[in-house]
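Worksheet: one structure, shown below.
Hydrogens, waters and symmetry mates are skipped; everything else that's a heavy atom, side chains included, is used. Position 1 is the first residue of the sequence; numbering continues from there.
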Amino acid sequence: MSSNNPLLENYDTPFNAVPFDRIKTEHFLPAIETGINKAKKNIAEVRNNQDDPTFENTVLALETCSEMMDRCSQIYFNLYSSHADKELQDLVDKISPLLAEFRSDIYLDFTLYSRIKSVYDNRDQLPPDDARLTEVTHKEFFRNGANLNDEKKEELRAINKELSVYSPWFSKNVLAATNDFELWITDGKELDGLPENAIVQAKESAVKKGRDDAWLITLQFPSYMPFMKYAHNRELRKELCTARLSLCKDGEFSNVENIKTILALKYKRANLLGFETFADYTLSDRMAESTANVMQFLEDLFGPSLKAARSDLAELEAFAFKMDGIEDLKIWDIPYYQEKLKEQKFGIDEETLRPYFSADNVVQGVFNVANKLYGLTFKQNQDIPVYHEDVKVFEVYAENGDYIGLLYSDLYPRSTKKSGAWMNVFRNQGLSFGKIRRPHVTFTCNLTKPTGGKPSLLTLNEVTTIFHEFGHCLHGLLSQCKYTSIAGANVKWDFVELPSQIMENWVMEQDALNLFAQHYKTGEKLSQDLIDKIKASRQYMAGWSCLRQLQFAFLDMAWYTTEPDQIDDLFNFEKDTNEKTNLVPPVEGSFSSGSFSHIFAGGYSAGYYSYKWAEVLEADAFESFKENGIFDRDTADSFRCNILEKGNSESAMKLYVDFKGRKPTVDALLKREGLDQFMDKRKA
């Protein structure tokens with residue numbers, strides 16, 4: 001291997017962790033090019049093999065052919081999302097097309113496909129893990145055009161290459177536009193209503209920009225959301241909300257043309273592969289199976305959610321009128337009055353709870369929950385190199401002392417990090433470089449930063465985010481699969497949120513809160529009174545929240561079930577699609593699709609519904625924990641063995657039934673959210 005490119009060397013680090021202290025931007029392109037060239041040689045050996053196709057000389061050989069390239073590209077794209085300056089971002093314009101071209105070379109090779117099909121046709125003679133990998137590999141080749149004629153293959157190749165560029169461009173624009181917006185405040189009265197923590201953060205942000213005479217509010221969530229919830233100044237809330245909802249609509253960072261191109265390319269790609277729409281193509285490989293099933297699922301939730309949301313809104317409108325004489329409640333008023341009404345109804349608001357949720361305590365708390373459920377322990381290792389000073393690395397061990405993997409935590413926003421929260425991997429569990437290896441998992445958020453000498457103090461929503469992403473991490477860490485392609489979170493897209501969303505339930509349970517919720521100054525535990533109020537508030541505005549998620553899901557499906565040529569105006573298309581879920585007039589000039597990274601720059605194209613789909617699964621699954629005890633080890637062991645360890649080694653529905661004993665139902669979710677009372681009780 002190379003002696004001057006750390007990406008290509010054997011990592012001389014604890015647990016073979018990525019040597020971030022030695023990696024520079026200029027290392028990535030040559031390392032990925034080297035990885036591609038090595039992979040091409042390996043593939044040539046497979047396709048030129050004169051022996052009869054076997055699992056070992058074909059499927060397994062392809063599974064392991066690009067290990068070096070995969071390792072380098074995983075590191076690059078993790079940094080692209082988590083910590084990328086302009087130089088690293090711009091590199092995507094070269095790296096993405098290279099990788100797309102390489103993948104096209106593989107998937108469009110009919111000789112390779114023929115060898116795989118030969119093994120696939122005799123898969124019943126293989127051991128289960130080998131048979132499953134063969135099934136998955138065969139399907140991937142088929143779904144990526146291996147069976148097309150030469151002319152269509154070249155069309156598909158060109159489309160793949162273009163898409164590899166446009167999706168990253170979309171993401172770059174969202175990050176740039178988010179960083180570009182600045183709301184400068186010079187009159188302290190305009191901060192009235194904001195909690196001290198938010199004011200201190202705004203001052204510190206301004207000072208970093210060279211101004212100590214002002215306060216800076218940004219579109220980063222920890223800055224944006226407190227302002228929307230607490231600032232008395234209605235006009236400034238409107239300005240901030242309008243900026244957020246029209247992000248990337250026009251100007252230097254407009255994503256309008258990117259959206260048009262992405263929609264057209266994905267539609268054409270689906271047609272080439274024999275599907276009417278891109279949604280049809282996507283859903284043919286999901287638990288939901290079809291567009292019709294997804295639309296029926298969304299409509300089933302829409303009815304009760306709409307009724308509940310109307311009830312929520314009526315109560316909020318009456319409250320806003322009584323409190324401030326507001327007769328025309330606007331979108332930018334919703335978070336503000338929602339928080340005020342919540343405080344009146346339940347005696348709590350986010351700022352009441354913040355002192356009990358220091359980030360360090362919450363992270364330790366989710367570790368403690370994992371310990372009680374699965375016997376895991378987490379030990380920080382400060383000798384492992386990191387890519388930013390905010391990042392911490394933990395060694396994870398099983399109850400018997402066996403090494404499980406590494407967990408990288410990266411909790412706070414910065415200008416080089418995209419917004420949101422996610423789990424990813426630097427190394428998947430499974431076979432790589434000649435042996436089955438344990439995973440290196442990333443845990444990334446954009447939480448409230450430490451300010452004014454105080455630690456990072458979180459909202460309840462941010463606590464829930466930590467538990468959610470940590471659930472994904474458990475899926476990656478606890479994997480016990482033979483092959484990386486079917487390990488960890490490499491599962492059906494509408495199944496991947498089950499391990500994450502089920503973890504959110506522990507945030508609402510007293511026995512779990514007692515493990516970490518304590519005042520950062522006094523050490524006082526969260527009182528029983530506050531815990532009762534938190535639990536009582538769980539169904540607060542649930543209809544409104546559910547309708548909001550359904551709006552995104554309907555919009556996603558609309559984009560990907562409509563022929564792009566039929567969309568004359570993107571802005572009107574979004575407006576018309578959202579009409580059925582809009583109970584309050586939209587912000588004039590808004591265009592949420594412009595920053596809808598999930599569906600235009602991520603993996604949720606025709607897949608946003610999976611958040612609600614997974615809620616049905618997790619609410620149903622959590623009922624078993626409630627029945628047996630939220631820390632019942634037998635239940636936890638079953639969830640671990642049947643869900644978390646299995647990856648995509650069997651069908652998602654089979655794994656769920658193996659845990660639950662039956663297929664999921666919506667009953668638990670509707671009951672938990674209080675939506676069951678809004679169901680149509682008439683029998684068919």
Side-chain angles (χ1 to χ4, degrees), residues 128-129 132 287 365-379 394-407 423 425 427-430 436-441 443 466-484 486-492 495-507 509 511-512 515 614-615 617-664 668:
D129 287 338
R132 183 63 172 176
M287 278 185 78
V366 80
F367 290 171
N368 291 342
V369 169
N371 177 262
K372 290 179 74 69
L373 287 170
Y374 307 115
L376 303 181
T377 57
F378 300 79
K379 175 186 175 185
F394 299 88
E395 302 168 24
V396 187
Y397 292 94
E399 203 162 23
N400 62 4
D402 286 352
Y403 168 68
I404 294 290
L406 293 182
L407 175 67
M423 167 267 191
V425 296
R427 185 171 80 197
N428 266 307
Q429 184 269 327
I436 294 179
R437 299 176 186 270
R438 298 307 306 164
H440 297 175
V441 173
F443 173 29
I466 286 180
F467 274 71
H468 178 103
E469 298 307 331
F470 186 75
H472 281 308
C473 293
L474 288 176
H475 203 184
L477 285 167
L478 294 177
S479 178
Q480 294 288 350
C481 297
K482 189 173 181 180
Y483 303 113
T484 60
I486 55 174
N490 291 324
V491 299
K492 302 286 188 186
F495 191 62
V496 76
E497 295 295 334
L498 167 58
S500 58
Q501 292 188 191
I502 196 172
M503 282 298 295
E504 296 180 21
N505 288 281
W506 275 267
V507 176
E509 296 294 329
D511 289 346
L515 295 175
E615 276 190 53
L617 297 178
E618 58 87 1
D620 190 57
F622 191 66
E623 284 293 300
S624 295
F625 283 96
K626 290 173 68 176
E627 291 166 5
N628 302 321
I630 65 166
F631 291 120
D632 179 66
R633 285 301 290 269
D634 288 341
T635 308
D637 285 346
S638 177
F639 191 78
R640 175 177 181 165
C641 293
N642 291 304
I643 306 290
L644 299 177
E645 292 183 353
K646 291 294 181 65
N648 188 27
S649 59
E650 298 183 75
S651 77
M653 187 59 77
K654 182 182 184 305
L655 295 180
Y656 187 86
V657 172
D658 286 347
F659 165 70
K660 186 69 179 180
R662 58 162 174 76
K663 291 186 177 182

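Aromatic ring orientation, F659 versus F639: perpendicular (interplanar angle above 60°, classes split at 30° and 60°).
With hydrogens and angles ignored, the 3.5 Å screen pairs no side-chain donor or acceptor of D129 with any backbone N or O of C481. Side-chain N or O atoms of R438 include one that pairs as donor or acceptor with a backbone N or O of L477 at under 3.5 Å. Side chain of D620 to backbone of L617: no donor-acceptor contact under 3.5 angstrom is found.
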Subject >> Verdict with supporting geometry, E650 and R132, side chain to side chain contact (heavy atoms under 4.5 Å, CB included) >> reply: CA-CA 7 Å; E650 298 183 75; R132 183 63 172 176; 5.5 Å; no
**OP:** Start with the C-alpha distance between F495 and N648, add both sets of side-chain angles, then the distance that settles side chain to side chain contact (heavy atoms under 4.5 Å, CB included), and finish with yes or no.
**Re:** CA-CA 10 Å; F495 191 62; N648 188 27; over 6 Å; no
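Separating the CE atom in M423 from the CD atom in E469 is a distance of 9.5 Å, to the nearest 0.5 Å. A distance of 8.0 Å separates NZ of K654 from CG of N642, quoted to the nearest 0.5 Å. In this structure, the separation between OG on S651 and NZ on K492 is 8.5 Å, given to the nearest 0.5 Å. Taking CD from Q429 and CG from N490, the interatomic distance works out to 10.0 Å, rounded to the nearest 0.5 Å. Taken to the nearest 0.5 Å, the CG atom of L498 stands 10.0 Å off from the CG atom of L655. Here F625 contributes atom CZ and W506 contributes atom CH2; the two are 4.0 Å apart, rounded to the nearest 0.5 Å.
Looking only at side-chain heavy atoms (C-beta outward), M503 and V369 come within less than 4.5 Å of each other. Annotation: side chain of Y374 is not in contact with side chain of I404 (no heavy-atom distance under 4.5 Å). Contact of the K372 side chain with the R633 side chain is not registered, since no non-hydrogen atoms from C-beta on lie closer than 4.5 Å. Looking at heavy atoms from C-beta onward, E623 lies in side-chain contact with K660 at the 4.5 angstrom threshold. The closest side-chain heavy-atom distance from L376 to N371 is not below 4.5 Å. Using a 4.5 Å heavy-atom threshold, the side chains of L406 and F394 count as separate. In this structure the side chain of F467 never reaches within 4.5 angstrom of the side chain of N505, judged on heavy atoms. Counting only heavy atoms from C-beta outward, the side chains of S500 and H475 never approach each other to under 4.5 Å.
Proximity of the aromatic rings of F443 and F367 is defined here by a centroid distance below 6.0 angstrom, and this criterion is not met.
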